[in-house]
Amino acid sequence: MRQTTLGTTDIQIGQIAYGCWRFAGSTLEEADEKIRTALDHGITLIDTADIYGFGEPAGFGGAEVRLGEVLSMDKGLRDKMVLATKGGIIPPRPYDSSYDYLMEALDNSLLRLRTDYVDLYQIHRPDLTVPFQEQARALNDMVKSGKARHVGVSNFTIAQTRALQAHLNAPLVSVQPEFSALEQSPMTDGTLDYASETGATAFAWSPLAGGKLATGKGGDTKQFARIMKTLDRLATDHEATRSQIALAFTMKHQANVVPIIGTQKIERIAESAATADIKLSDRDFYDVVEAYRGADMP
Ligand SMILES: NC(=O)c1ccc[n+]([C@@H]2O[C@H](COP(=O)([O-])OP(=O)(O)OC[C@H]3O[C@@H](n4cnc5c(N)ncnc54)[C@H](OP(=O)(O)O)[C@@H]3O)[C@@H](O)[C@H]2O)c1
């Protein structure tokens with residue numbers, strides 16, 4: 001797996017990351033196998049969040065608990081991964097990025113994950129009620145305490161990201177928008193360009209649109225049909241699967257995007273890893289952009 005750096009840090013990560021949103025229902029054995037398979041394929045950044053598991057039997061914190069159990073079975077495993085979590089979503093409020101809440105949320109995540117630190121702590125969604133100065137104070141203190149090596153944001157607008165950054169002592173090392181062949185707005189709303197400007201890593205969440213791009217189900221619009229047709233043609237051209245082409249599309253953007261895959265199937269983790277070797281041409285990339293736009297590039 002091709003490696004890249006996490007933002008402006010010296011931490012190396014695989015060009016594809018593994019996400020734990022759908023992970024909380026795994027048995028311990030299954031969870032262990034998924035994490036080991038990802039790591040074995042060079043997928044070294046593991047992205048989770050305290051909210052993952054909420055609404056399922058595992059409940060709030062469920063994915064972190066499971067991952068923590070995996071980590072506790074093999075003390076050497078923690079050092080083999082770059083561990084990222086998120087906090088700040090707390091239904092039904094729905095968000096809380098106050099100083100006290102975020103500091104406690106990080107402590108609780110560390111307890112569940114059974115580790116002393118995370119490599120990356122991300123505010124999950126922007127809380128419109130808490131001043132950016134206060135949110136930044138929390139992130140600054142997390143880094144100062146050593147409990148979070150670096151900090152980042154997810155689902156922030158560029159203006160929100162800049163407002164937060166203005167009060168931080170260290171650069172935000174990551175942004176995390178939804179980005180896929182079916183959700184291309186980060187290419188035009190400035191998110192990916194902000195990452196290029198600052199050196200932050202742009203993680204793409206739901207790079208297969210939550211599975212729609214793999215199954216071909218879940219969209220009956222003309223746009224969806226155009227994107228499917230284009231991905232299928234490119235899959236034939238490159239002797240790849242449609243999912244691999246969809247992942248390769250996100251990685252072709254100049255901002256050096258790191259897609260976070262969410263499959264819970266071992267064989268699909270391996271299949272996704274092979275995507276890093278697929279080289280889409282510039283024309284291939286623009287074919288997917290034009291399928292999304294429904295028009296040629298101007
Ligand atoms: N920051 C945020 O707000 C936010 C929001 C959402 C997600 N995320 C992050 O992004 C990660 C990935 O999100 P995601 O899970 O939506 O990613 P995704 O990779 O777009 O979708 C994963 C889904 O696609 C299905 N799938 C994959 N390959 C398939 C195939 N070949 N055939 C049929 N189904 C297939 C998977 O089912 P199988 O398990 O059966 O393969 C799974 O249900 C999350 O784990 C999380 O870390 C962040």
Side-chain angles (χ1 to χ4, degrees), residues 13 16-26 30-31 33-35 37-38 43 45-56 58 62-64 66-67 81-91 94-95 97 109 118 120-127 152-157 160-161 172 174-186 191 201-219 227-228 231-232 235 240-251 257-275:
I13 59 173
I16 294 175
Y18 186 64
C20 296
W21 181 24
R22 305 171 193 272
F23 181 82
S26 318
E30 290 165 350
E33 194 181 0
K34 288 171 199 176
I35 297 298
T37 304
I43 299 176
L45 187 128
I46 309 294
D47 179 76
T48 189
D50 54 13
I51 189 76
Y52 295 165
F54 179 82
E56 302 168 41
E64 288 185 333
R66 196 48 106 215
L67 186 52
M81 69 175 65
V82 178
L83 182 57
T85 196
K86 315 182 206 75
I89 299 183
I90 175 78
Y95 311 132
S97 290
S109 286
V118 287
L120 176 64
Y121 193 83
Q122 303 151 104
I123 298 183
H124 206 152
R125 284 190 179 271
D127 180 352
V153 291
S154 181
N155 303 302
F156 273 45
T157 66
Q160 290 165 338
T161 310
L172 291 162
S174 66
V175 294
Q176 189 180 134
E178 180 179 8
F179 177 49
S180 69
L182 194 58
E183 177 45 273
Q184 299 189 16
S185 50
T191 308
T201 295
F203 291 106
W205 66 259
S206 291
L208 300 181
K212 286 186 201 140
L213 295 174
T215 60
K217 293 185 194 131
I227 292 169
M228 282 295 107
L231 295 179
D232 280 338
T241 65
R242 193 165 59 209
S243 306
Q244 288 177 317
I245 298 296
L247 290 179
F249 166 76
T250 65
M251 291 189 281
V257 172
V258 174
I260 310 175
I261 57 167
T263 181
Q264 298 300 305
K265 301 264 181 342
I266 297 295
E267 65 278 11
R268 288 182 187 156
I269 296 175
E271 179 195 311
S272 304
T275 304

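Remember, it's 1-based here, ligands and their atoms both numbered in the order they're listed.
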Nitrogen or oxygen atoms of Ile261 and ligand 1 under 3.5 Å apart: no
Any donor-acceptor pair under 3.5 Å from Gln176 side chain to Ala202 backbone: no
Test item, Arg242 contacting ligand 1 (heavy atom, 4.0 angstrom): no
Donor-acceptor pair, side chain of Arg242 and main chain of Leu213, under 3.5 angstrom: yes
Ligand 1 atoms in contact with Gly211 (distance to a heavy atom under 4.0 Å): 20 (O), 21 (O), 23 (C), 24 (O), 25 (C)
Atom 19 (O) of ligand 1 [closest protein heavy-atom partner, distance rounded to 0.1 Å]: Gly262 N, 3.2 Å
Atom pair CZ (Phe23) and CG (Asp47), whose distance is rounded to the nearest 0.5 Å: 12.0 Å
Structural part of Glu178 in contact with ligand 1, heavy atom criterion under 4.0 angstrom: neither
Nearest protein heavy atom with distance in Å, relative to atom 37 (O) of ligand 1: Arg268 NH1, 3.9 Å
Under-4.0 Å heavy-atom contact with ligand 1, by part of Arg22 that carries it: side chain
No-hydrogen, no-angle side-chain donor-acceptor test under 3.5 Å, Glu183 and Ser206: no
Numbered atoms of ligand 1 (with element) below 4.0 Å of Ser243, judged on heavy atoms: 31 (N)
Side-chain donor or acceptor of Gln244 paired with backbone N/O of Ala235 under 3.5 Å: no
Residue and atom name of the nearest protein heavy atom (relative to atom 29 (C) of ligand 1), distance in Å to one decimal: Ala214 CB, 3.3 Å
Mode of Lys86 contact toward ligand 1 - side chain, backbone, both, neither (heavy atoms, under 4.0 Å): side chain
Parallel, tilted or perpendicular, as decided by the 30° and 60° cut-offs, for the rings of Trp21 and Trp205: perpendicular
Region of Ser206 that comes within reach of ligand 1 [heavy atoms, distance under 4.0 Å]: both
Residue part near ligand 1, for Phe23, under 4.0 Å between non-hydrogen atoms: neither
Heteroatom distance test (Gly210, ligand 1): nitrogen or oxygen, under 3.5 angstrom: yes
Distance, nearest 0.5 Å, that separates CG of Leu45 from CG of Leu83: 8.0 Å
Distance (rounded to the nearest 0.5 Å) between Thr275 OG1 and Phe249 CZ: 14.0 Å
Gap separating the NZ atom of Lys34 from the CZ atom of Arg66, nearest 0.5 angstrom: 9.5 Å
Residue Gln264 vicinity, atoms of ligand 1 by number, heavy atom under 4.0 Å: 38 (P), 39 (O), 41 (O)
Donor-acceptor under 3.5 Å (Ser180 side chain, Leu182 main chain): yes
Nearest-neighbour protein heavy atom for atom 44 (C) of ligand 1, which is reported as residue plus atom name and distance: Trp21 CB, 3.4 Å
Element-labelled atoms of ligand 1 that are located less than 4.0 Å from some non-hydrogen atom of Thr263: 38 (P), 39 (O), 41 (O)
Closest approach of any protein heavy atom to atom 27 (C) of ligand 1, naming residue and atom: Leu208 CD1, 3.6 Å
For atom 40 (O) of ligand 1, the protein heavy atom that lies nearest, with its residue and separation: Lys265 NZ, 2.7 Å
Proximity of Asp47 to ligand 1 by residue part, where a heavy atom lies under 4.0 Å: both
Minimum-distance protein heavy atom relative to atom 10 (O) of ligand 1: Trp205 CB, 3.4 Å
Location of contacts on Thr241 toward ligand 1, heavy atoms closer than 4.0 Å: neither
His124: numbered ligand 1 atoms lying under 4.0 Å from its heavy atoms: 1 (N), 2 (C), 3 (O)
Residues Met251, Ile16; criterion side-chain contact (heavy atoms from CB on, under 4.5 Å); working and verdict: CA-CA 9 Å; Met251 291 189 281; Ile16 294 175; 3.9 Å; yes
Residue part near ligand 1, for Ala49, under 4.0 Å between non-hydrogen atoms: neither
Shortest protein contact, atom 12 (C) of ligand 1 (heavy atom only): Ile260 O, 3.1 Å
Shortest non-hydrogen contact between Ile261 and Ile269, atoms and distance: CD1-CA, 4.3 Å
Which segment of Pro207 sits under 4.0 Å of ligand 1 when only heavy atoms are counted: both
Side chain Lys86, main chain Thr48, donor-acceptor under 3.5 Å: yes
Where Asp127 and Tyr95 come nearest, the two heavy atoms and their spacing: OD2-O, 3.4 Å
Taking every non-hydrogen atom, the tightest pair across Ala24 and Tyr52: CB-O, 4.4 Å
Proximal ligand 1 atoms for Tyr52, defined as those under 4.0 Å from one of its heavy atoms: 4 (C), 8 (N), 9 (C), 46 (C), 47 (O), 48 (C)
Contact atoms of ligand 1, heavy-atom distance to Thr215 under 4.0 Å: 33 (C), 34 (N)
Straight-line distance of Ile13 CD1 to Ser174 OG, nearest 0.5 Å: 9.0 Å
